[in-house]
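One structure below.
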Protein chains: 2
Amino acid sequence: MVTLAEVAKHAGVSASTVSYVLSGKRSISSPTRERVERAISELGYHPNAGARALAGKRSHIIALVVPLRTDVYVPVMMEIAISVTVAARSHGYDVLLITNDEGPEGLRRVAASGLADGVILMDVELDDARIPVLRETGTHAALIGLPADTRGLACVDHDFAGAGALCAEHLADLGHQDIAFIGYAPGVYQRHAGYAERTLSGFRERAAQRGLRVLHRPCEGSYESTAGALSRILADRPDTTGFVVQNEGAIGPLLSLLRTSGRVVPEDASVVALCPEPLAEQYSPRLTAVTGPAHELGRQAVELVMNRLDDRPTAEVSLLTPVLTPRESSGPAPVR
Amino acid sequence: MVTLAEVAKHAGVSASTVSYVLSGKRSISSPTRERVERAISELGYHPNAGARALAGKRSHIIALVVPLRTDVYVPVMMEIAISVTVAARSHGYDVLLITNDEGPEGLRRVAASGLADGVILMDVELDDARIPVLRETGTHAALIGLPADTRGLACVDHDFAGAGALCAEHLADLGHQDIAFIGYAPGVYQRHAGYAERTLSGFRERAAQRGLRVLHRPCEGSYESTAGALSRILADRPDTTGFVVQNEGAIGPLLSLLRTSGRVVPEDASVVALCPEPLAEQYSPRLTAVTGPAHELGRQAVELVMNRLDDRPTAEVSLLTPVLTPRESSGPAPVR
DNA sequence: TTGTAAGCGTTATCAA
DNA sequence: TTGATAACGCTTACAA
C-alpha cells in the first residue's frame with residue numbers, strides 16, 4: 001500500500017506538502033506541485049480513507065436512508081439514489097446505503113461513529129421516527145419528503161399541490177366539467193400521508209376555482225379495485241369525462257376498463273396521470289402526465305447536506321415545480 | 001464525542017480491555033465485562049469508524065457497484081441492493097453505493113483507499129471492463145452475473161438456462177406444440193448478453209427434447225415492436241398456441257394484442273413470462289411466470305465476499321434455481 | 001513557500 | 001486475566 005510518506009520521499013518533499021497539494025489548503029509553488037503530482041501518479045497513490053477520516057474529522061461519506069417497503073415507485077427511488085450518489089461524488093463524497101430495518105438506531109450508529117458526516121432521509125413521513133434522532137444528535141441532514149414540523153430541518157420535495165393543480169387546470173382548459181380523481185389506497189389517506197393529501201387539496205382547490213365537479217375515489221391499484229372505483233364513478237356521475245390517476249397500479253386497469261366500457265381515450269374520456277415519465281410513455285395511448293424531476297430531488301438533497309456541513313445556511317423547505325407533458329391520453333371534452 | 005479512553009476511565013479499566021470486550025478477541029472476566037458494558041451504554045459510546053479502520057486495517061464496508069443504465073428490471077436491482085445491505089449488516093458491514101459513471105477507476109479508488117474491504121458488482125457483462133481492475137488490484141469481490149471467464153472469481157447468478165427449460169417443460173406438459181419466444185431487443189442478442197443467450201439455449205434444448213416447434217423473435221418491448229413480432233409469428237406459424245416472453249415491456253402489449261386478435265388467454269393461447277413475481281401478479285390474467293429469487297442473489301453475493309475476506313475458499317460459480325409459478329395465463333393447448 | 005511534529009481513536013503486541 | 005504502548009496514515013497548527 002502506498003502511503004503519503006512514500007509519496008513525499010519520492011518527490012523529495014515533506015509529508016505536509018503532499019497533504020497540502022492534495023487539499024489545496026495552502027499555496028504551493030508550481031515546481032513542487034508538479035513533482036508531487038508526478039510522484040502521486042507514478043506510485044498510484046490513493047489516500048487512506050480511514051486515516052483521513054481520523055485526522056481530518058470528516059469521513060467524506062454521507063448516508064442515504066432508504067425505506068425497505070415504500071410508498072415511492074421503486075424505479076424513482078433508484079433514480080434518486082443514483083442522483084444522490086453522482087451528486088455526492090462531485091463534492092468528493094461517497095454514499096453509504098442504510099436500510100430502515102435498523103430503525104432510527106441505524107442513524108444514531110452511523111452519525112455517532114463518524115462513519116457518515118451527514119444524512120439524507122428518503123420517503124420521509126409526516127411524523128417520522130427518525131427526525132427526533134436527527135435533532136437529538138445534531139446530525140447534518142436533508143430530508144426528501146415533508147414532515148409535519150420542518151423547523152430547523154432542510155427538506156426537498158415535489159410540489160404535490162402544484163401537481164394536483166396542474167391536472168385540474170389542464171382538464172379545465174380542455175373543457176371537461178366532471179372529473180374523477182383515482183387516488184391511492186384508502187389507508188394512505190387514513191394515515192394522512194402528506195403527498196397524497198397535498199396533491200388532492202391542490203387539485204380540489206384549482207378545480208373549485210375553475211368550477212369543476214370533482215369525485216375522489218381511493219383505490220388499491222389492483223384490477224378489481226380499479227374496476228370497483230370506476231363503476232362507482234360512472235354510476236354516481238355518468239357525465240364524467242376526465243380522469244386523474246395517482247396510483248401507478250391503477251393506470252393499466254383503468255385504460256383497459258375504459259376501453260371495455262366502450263369509451264375511447266381521448267375522444268370520449270381524458271386521462272391525466274401523476275406518474276414518472278417512463279411509465280407514462282409505456283402505455284397505449286401514451287399518457288398525458290404530471291411529473292416531478294426525481295434526479296433533481298437527489299441532487300438538491302446533496303446540496304443541502306453539503307451546505308449544512310459547511311455551515312452555510314439553507315432554506316427549510318424547497319419544493320420542486322412539476323411539469324405537465326401533454327400526450328395522447330387527453331383531448332377536448334366531447335360535445336354533449 | 002465519546003471515546004474508548006473515556007469508556008475505559010469510566011469503567012476503571014485500560015483501553016485495551018475495552019477494545020477486547022468489543023472485539024471478543026480475548027477472554028474477559030464477567031465482572032469487568034459487565035462494568036465495561038455498563039460504561040458503554042451509560043456513555044452511549046460508538047467506536048469511531050475511521051480510527052477502527054486505520055488501526056484494524058478493515059473498514060467494515062463493502063462497495064456495491066450499480067450500473068447507471070441497466071438491463072436489469074429496476075425494482076429487482078433495488079431489491080438486490082437492499083438484500084445486500086441487510087445481509088452485510090448481519091456481518092457488521094455497511095454498504096457503499098458506487099455508480100458506474102466513475103468507470104472502473106471508481107473501483108480502484110475505493111479499493112486502494114481502503115474505503116471498502118470488498119466489492120460486489122451488479123449487472124456483470126460477459127466481457128466486463130471492471131474485472132481486469134479486480135484482478136490487478138486483488139480486490140475481494142463477488143459478481144452478480146456471469147462473465148465469460150470466471151477463473152478465480154466468485155459469481156452468483158440466476159440459472160437462466162434452467163429458467164428457459166422450465167418454460168418449455170411447462171408448455172409441453174400442457175400439450176402445446178408450437179411455441180414462440182418473444183425475447184429482448186435484437187441488440188441484446190447481438191452483443192451476446194449472457195442471460196439472454198443462456199435462457200434461449202436452455203429453452204431451445206428442452207423444447208427440442210420435448211419435440212416442440214420453436215420460433216424466436218427479438219422485440220424492442222414497445223407496443224409497435226410487439227405488434228410486429230406477433231403478426232410475423234402468426235403469419236409464419238398460425239398454429240402457435242404457446243408464448244414465452246422475456247421482455248418486461250412486451251408483456252402488456254402482447255396481452256392486449258392477443259385479446260384484440262380474438263385469442264382468449266389461456267383458452268386459445270398460453271403465456272409464460274420470465275419476469276419478477278410482482279410484475280406477473282399485476283396483469284390480468286395473472287401470469288404464469290418463471291422467477292429467480294432476487295434477494296437471494298444479494299445475500300449470496302455478500303456471503304461470497306465475506307468468505308473471501310476471511311480467506312475461506314468459495315466456489316467460482318453458483319447458480320440459483322428458478323421457480324415456475326402457474327397462474328391464470330397458461331392452460332391446456334386447445335384441441336384442434 | 002516549505003518543514004516539523006503533535007495528535008486523531010483505535011488495534012494488537014508485549015509484558016506482567 | 002489485564003495493562004502499557006507502539007503503530008496505523010493522515011491533517012494541521014506552529015516554526016522557519
Side-chain angles (χ1 to χ4, degrees), chain A residues 1-37 39-40 43-61 92 109-117 309-310, chain B residues 1-37 39-40 43-61 92 94 109-117 309:
Chain A
M1 183 207 182
V2 187
T3 70
L4 182 145
E6 294 173 304
V7 173
K9 192 186 297 173
H10 191 90
V13 299
S14 74
S16 60
T17 299
V18 177
S19 175
Y20 284 120
V21 166
L22 252 31
S23 69
K25 287 190 181 172
R26 78 181 183 191
S27 50
I28 307 278
S29 70
S30 314
T32 33
R33 149 166 298 114
E34 277 162 29
R35 284 217 314 283
V36 169
E37 282 171 347
I40 287 178
L43 299 181
Y45 168 72
H46 288 268
N48 179 278
R52 194 156 83 113
L54 180 56
K57 309 195 169 321
R58 264 200 180 346
S59 65
H60 296 269
I61 290 177
R109 178 179 67 83
V110 159
S113 67
L115 222 193
D117 300 333
L309 284 178
D310 301 342
Chain B
M1 182 206 183
V2 186
T3 70
L4 182 146
E6 294 173 303
V7 174
K9 191 186 296 174
H10 191 91
V13 298
S14 74
S16 56
T17 298
V18 177
S19 176
Y20 283 118
V21 167
L22 252 30
S23 69
K25 288 189 182 174
R26 78 181 185 192
S27 52
I28 307 279
S29 69
S30 314
T32 33
R33 149 165 298 115
E34 277 162 29
R35 283 218 312 283
V36 170
E37 284 172 346
I40 287 177
L43 300 181
Y45 167 71
H46 288 269
N48 180 278
R52 195 155 83 113
L54 179 57
K57 309 196 169 319
R58 262 198 180 353
S59 66
H60 296 270
I61 290 177
D94 276 289
R109 179 178 69 81
V110 159
S113 67
L115 223 193
D117 300 333
L309 285 177

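Here the structure is a predicted model, which means the values were calculated and not measured. The figures here come from the full heavy-atom set of this structure, side chains too, leaving out hydrogens, waters and symmetry mates. Numbers restart at 1 for each chain; the letters A, B, ... are given by sequence-line order, proteins then strands.
Not a single donor-acceptor pair under 3.5 Å links the side chain of A/Ser19 to the backbone N or O of A/Ala15. Formation of a donor-acceptor pair under 3.5 Å by the B/Ser59 side chain with backbone atoms of B/Ala53 is not found in this model. Side chain of B/Arg58 to main chain of B/Leu309: a donor-acceptor pair is present (N/O by atom type, distance under 3.5 Å, no hydrogens or angles).
Summary of the strand contacts: B/Leu54 and B/Ile28 both lie near DNA chain D, and taking for each the nucleotide with the nearest heavy atom, the more 5' one is attributed to B/Ile28.
Atom NZ in A/Lys9 sits about 13 Å away from atom P in D/dC10, given to the nearest Å. Atom NZ in B/Lys57 sits about 9 Å away from atom P in C/dA12, given to the nearest Å. Separating the CZ atom of B/Arg35 from the C1' atom of D/dG3 is a distance of 13 Å, rounded to the nearest angstrom. Between the CZ atom of B/Arg33 and the C1' atom of D/dT1 there is a distance of 12 Å, given to the nearest Å. Atom CE in A/Met1 sits about 14 Å away from atom C1' in D/dA7, given to the nearest Å.
Residue A/Ser30 holds its OG atom at 12.0 Å from CZ of A/Arg35, rounded to the nearest 0.5 Å. Taking CG from B/Leu115 and CD1 from B/Ile61, the interatomic distance works out to 6.0 Å, rounded to the nearest 0.5 Å. The distance from the CG atom of B/Leu4 to the CG atom of B/Leu22 is 7.0 Å, given to the nearest 0.5 Å. Expressed to the nearest 0.5 Å, how far NE2 of A/His10 lies from CD1 of A/Ile40 amounts to 11.0 Å. The line from NE2 of B/His60 to CG of B/Asp94 is 10.5 Å long, rounded to the nearest 0.5 Å. Put simply, OG on B/Ser27 and CZ on B/Arg33 are 8.5 Å apart, with the number rounded to the nearest 0.5 Å.
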Where protein sits on nucleotides 11-16 of chain D, one letter per nucleotide: B base, S sugar-phosphate only, - none, heavy atoms under 4.0 Å
BBBB--
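An OP1 or OP2 oxygen of D/dG9 is reached within less than 4.0 angstrom by no side-chain nitrogen or oxygen of A/Thr3. For the pair A/Thr32 and C/dT2, the criterion of a side-chain N or O lying under 4.0 Å from OP1 or OP2 is met.
Which of D/dT1, D/dC8, D/dG3 sits closest to the side chain of B/Ser27 comes down to D/dT1. Taking every side-chain heavy atom of A/Asn48 into account, D/dC10 is the closest of D/dC8, D/dC10, C/dG3.
Rotation axes derived from the C1' atoms of the five outermost pairs at either end of the helix from C/dT1-D/dA16 to C/dA16-D/dT1 lie 30° apart, to the nearest 10°.
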